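Heads up: the structure comes next, in structure tokens.
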Amino acid sequence: MLTVRLLGRPALERDGLPVAPPRGKKAWALLAYLLVADAPPSRQRLVSLFFSDTEDPLGALRWNLSTLRGALGPGVDLGGDPLVLRLVPGDRVDVHLLESTDRWDVHELVRIGGEFLEGVDVDASPAFESWLLVARQRLRAGSHAVLYEAALHSLVTGEVSAAAALAARAVELDPYNGDYHAVLVRALALSGDTRGAERQVEIARELFRDELGLDLPDVVRRAGRTPPAGAAEPVVNPSRASARSYLEAGAASLAVGAADVADAQLRRAVQVSRAVGDQALAAQALVTRAGGMIHGAGGRGAEVAALLHEGLSLARQAGADPIAAAACRELAFLGVQLGHHERTDAWLDEAERFDVDDGERARQLGVRGMNLSDAADYAKALRSLDESIACAERSGLVRQAAWSRAMVGRIHVLRGEPAQAAAVLDESLDALRETRWLAFLPWAEAFRAEAALQSGHDDVATELLDHAWVLATESGDHCWMATVARGQALLAADQGHADQALAWIETGLRPSPWYLWPVANLLDAGCRIAENNTPALADEWSRDLYRLSARGGLREHVVRAQLSRGRRGEPDLAAAARLGAADIDNLALHDLVAAADDPWAPPSA
């Protein structure tokens with residue numbers, strides 16, 4: 001079995017023993033590109049990326065491909081145009097671990113986390129250098145995520161030594177993530193190493209205080225408590241009927257927006273279900289509670305993820321497919337918000353393996369469409385969202401259909417298609433108002449307002465944005481606030497109030513939302529507005545946008561950041577933007593790229 005290691009110093013192993021690597025750094029870079037690129041590249045594209053400065057570019061490509069075939073061994077299929085690389089079944093690539101929910105050995109997992117293609121710096125095109133920078137940031141975040149998820153899974157299944165090792169590696173790679181510290185502290189405490197857990201809490205306290213000027217995160221403080229916060233209180237005369245009653249009461253409380261009451265009822269449902277030994281019921285209560293914390297109370301961290309992993313483990317043991325599928329789908333939703341697209345796809349692929357009804361299928365497809373849209377794969381996103389709407393309507397899930405329509409509307413706004421956006425968003429808004437789903441209304445209203453702005457209807461946009469801002473601020477949802485703040489900023493800029501527009505951008509960025517995409521979209525508007533008014537701020541925001549969108553795999557926003565920095569005097573990034581935009585189905589983005597190439601184009605608004 002061949003193992004290809006690209007995270008850290010690249011290496012090839014066969015049956016655990018090192019084998020001779022391909023000759024030359026460009027061969028490594030070419031191999032990595034073929035294994036990680038979103039789609040098989042054409043030979044001409046590879047020539048432009050790696051060999052455009054050689055006397056015989058196609059000959060150089062052929063020589064490097066021959067080198068790769070020799071290093072990878074017999075049975076490998078590497079050919080065609082576009083160029084496709086197929087390894088032998090059973091061969092493994094460490095990067096592909098980020099796209100799977102299969103568990104590798106703990107010793108294998110703790111080896112990941114090094115920089116993608118560490119030490120491989122090639123004399124290639126600016127476009128490849130930009131691709132490598134973005135890939136390194138995205139895969140670094142994905143490596144952290146898979147370690148964290150594996151640590152949580154080990155923790156809830158009682159493998160505390162493995163959990164501690166995995167969490168320690170995650171903390172080593174990202175010491176400023178409170179969730180990673182929390183899992184490590186809890187693993188040490190559960191293993192009986194009370195002193196080690198206390199020491200880890202103090203290490204985290206000093207780190208956050210001295211390096212960031214912050215208090216110890218609450219999630220770390222709670223992890224160090226024994227017994228843990230929310231430990232089971234005594235259960236008197238437990239029964240399956242009482243457990244179901246608590247579960248039904250919690251679900252009803254969630255439906256009317258009483259998140260705190262629901263959490264207490266669902267916690268009790270978990271306790272009673274455990275007391276009577278009903279794994280399926282306990283799993284359902286755990287996943288329902290986690291869903292309530294995510295969608296009703298804004299919960300996102302280690303405590304929520306731990307509930308989902310425990311619920312998934314119990315559901316699998318009980319053979320409760322619908323519950324297991326729901327747990328995987330909620331883990332995918334958390335991945336979308338953090339920009340962990342590989343992890344999101346992995347969890348959705350796992351969810352689709354279970355036998356579920358149209359209602360659960362509608363939810364899965366909705367998350368899939370959201371993830372694809374964030375990654376600027378708009379054609380696939382629209383197909384997923386349209387299928388989600390159809391499944392939701394067959395199941396009578398009016399809110400889910402409205403949610404998916406709002407995501408469709410967002411795509412049309414991004415692509416500068418205001419009439420199509422308005423039609424689908426009006427359908428969504430009608431359903432949201434009819435079902436009184438006020439919590440989601442600001443998202444749909446903000447994009448409907450942007451569609452109105454694109455059509456020149458400032459009065460419609462003003463009314464929608466003012467209404468959405470009140471709902472967003474009253475709910476305290478920072479993602480909604482960032483989304484509405486972008487609309488307010490665009491409206492103010494459209495009316496010639498640049499200072500007011502910049503103030504809206506600043507407001508939307510405080511505090512930073514958990515979901516990366518609205519932050520990137522807000523920064524994009526900020527860059528365009530600041531370029532003509534506050535150049536220093538444009539520099540700062542374009543750097544922030546590039547860093548955030550690269551880490552989160554937000555392809556269109558990477559291009560927009562590159563264009564902004566290109567306009568700020570970095571022509572190599574403008575060249576990289578042309579390459580990045582070529583694979584994105586968005587004529588509005590292509591127009592921006594064309595304007596960047598036109599010296600007579602007016603400044604961006």
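Fair warning: this is a prediction, and the values are worked out from it, not measured in the lab.
- In terms of the side-chain hydrogen bond (donor to acceptor under 3.5 Å, both in side chains) criterion, Ser395 has no residue partners (sequence neighbours excluded).
- Between Asp544 and Leu509, every side-chain heavy-atom pair lies at or beyond the 4.5 Å cut-off.
- Ion pairing between a basic and an acidic side chain is recognised when a charged N comes within 4.0 Å of a carboxylate O; Asp263 and Arg267 show such pairing.
- Of the possible donor and acceptor atoms, one in the side chain of Ser191 sits under 3.5 Å from a partner among the backbone N and O of Leu188.
- With Arg289 contributing its side chain and Leu307 its backbone, the two residues share no donor-acceptor pair below 3.5 Å.
- Panel note: side chain Arg486, backbone Pro518; no donor-acceptor pair is recorded below 3.5 Å.
- Residues Leu97 and Glu108 have side chains not in contact (no heavy-atom distance under 4.5 Å, counting atoms from C-beta outward).
- Between Glu172 and Arg169 there is a salt bridge, since a side-chain N of the basic residue sits under 4.0 Å from a carboxylate O of the acidic one.
- Between Glu198 and Arg195 there is no salt bridge, since none of the side-chain N atoms of the basic residue sits less than 4.0 Å from a carboxylate O of the acidic one.
- Ala280 approaches Ala318 most closely through the heavy-atom pair N-CB, 3.8 Å.
- Salt bridge Asp345/Arg368: present, at least one basic N to carboxylate O contact under 4.0 Å.
- Using modelled atom types, no side-chain atom of Arg363 and backbone atom of Glu330 make a donor-acceptor pair closer than 3.5 Å.
- With sequence neighbours left out, Tyr148 forms a ring-ring contact (aromatic ring centres under 6.0 Å, His included) with Tyr180.
- No donor-acceptor distance shorter than 3.5 angstrom exists from the side chain of Arg92 to the backbone of Thr3, with no hydrogens or angles considered.
- Under the 3.5 Å distance criterion, the side-chain polar atoms of Arg551 are left unmatched by any main-chain donor or acceptor of Gln137.
- Asp357 is linked by a side-chain hydrogen bond (donor to acceptor under 3.5 Å, both in side chains) to nothing, counting only residues two or more places apart in sequence or in another chain.
- Nearest heavy atoms, Ala324 versus Leu312: O-CD1, 3.7 Å.
- In this structure, Trp514 has no ring-ring contact (aromatic ring centres under 6.0 Å, His included) partners at least two apart in sequence or on a different chain.
- With Thr344 contributing its side chain and Ala332 its backbone, the two residues share a donor-acceptor pair below 3.5 Å.
- Under the ring-ring contact (aromatic ring centres under 6.0 Å, His included) criterion, the residue pairs touching residues 340-363 are His309-Trp347, with sequence neighbours excluded.
- Although no hydrogens or angles enter the test, the distance criterion places a donor-acceptor pair under 3.5 Å between the side chain of Asp94 and the main chain of Leu6.
- Atom SG of Cys328 sits about 5.5 Å away from atom CZ of Arg316, to the nearest 0.5 Å.
- Other residues, nucleotides and ligands contribute only 12 or fewer heavy atoms inside 6.0 Å of the CZ atom of Arg436.
- The aromatic rings of Tyr515 and Trp443 sit parallel to each other, their planes meeting at less than 30°, with 60° as the upper class boundary.
- What you find for Leu465 and Ala449 is that their closest heavy atoms are CG-CB, 3.5 Å.
- For the residue pair Leu365 and Ser384, the shortest heavy atom distance occurs at CB-O, 3.6 Å.
- With respect to the salt-bridge test (charged N to carboxylate O, under 4.0 angstrom), the residues Arg5 and Glu118 do not qualify.
- The number of heavy-atom neighbours closer than 6.0 Å to OH of Tyr246, taken from other residues, nucleotides and ligands shown, is 12 or below.
- Side-chain contact check for Leu207 versus His181: some heavy-atom pair is nearer than 4.5 Å.
- One N or O on the side chain of Ser549 and one on the backbone of Leu545 form a donor-acceptor pair closer than 3.5 Å.
- Classified by interplanar angle (parallel below 30°, tilted 30° to 60°, perpendicular above 60°), the ring pair Phe333/Trp403 is tilted.
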Checking Arg361 against Glu352 for the side-chain contact (heavy atoms from CB on, under 4.5 Å) test, could you report, in this order, the C-alpha distance in whole Å, the side-chain angles of both residues, the deciding distance, and whether it holds?
CA-CA 8 Å; Arg361 181 75 177 137; Glu352 289 176 358; 3.2 Å; yes
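- Using modelled atom types, one side-chain atom of Arg186 and one backbone atom of Ala223 make a donor-acceptor pair closer than 3.5 Å.
- Considering all non-hydrogen atoms of both residues, Ala520 and Leu554 come closest at CB-CD1, 3.7 Å.
- Separation of atoms CD1 (Ile505) and CG (Leu537) is listed at 9.0 Å; rounding is to 0.5 Å.
- For Asp210, the CG atom counts as densely surrounded, since its 6.0 Å shell holds more than 12 non-hydrogen atoms of other residues, nucleotides or ligands.
- In this structure, Met481 and Gly476 approach most closely via the heavy-atom pair SD-C, 4.3 Å.
- Pairs of residues two or more places apart, or lying in two chains, that qualify as side-chain hydrogen bond (donor to acceptor under 3.5 Å, both in side chains) and include a residue from residues 278-287 are Arg240-Asp278, Gln279-Gln317.
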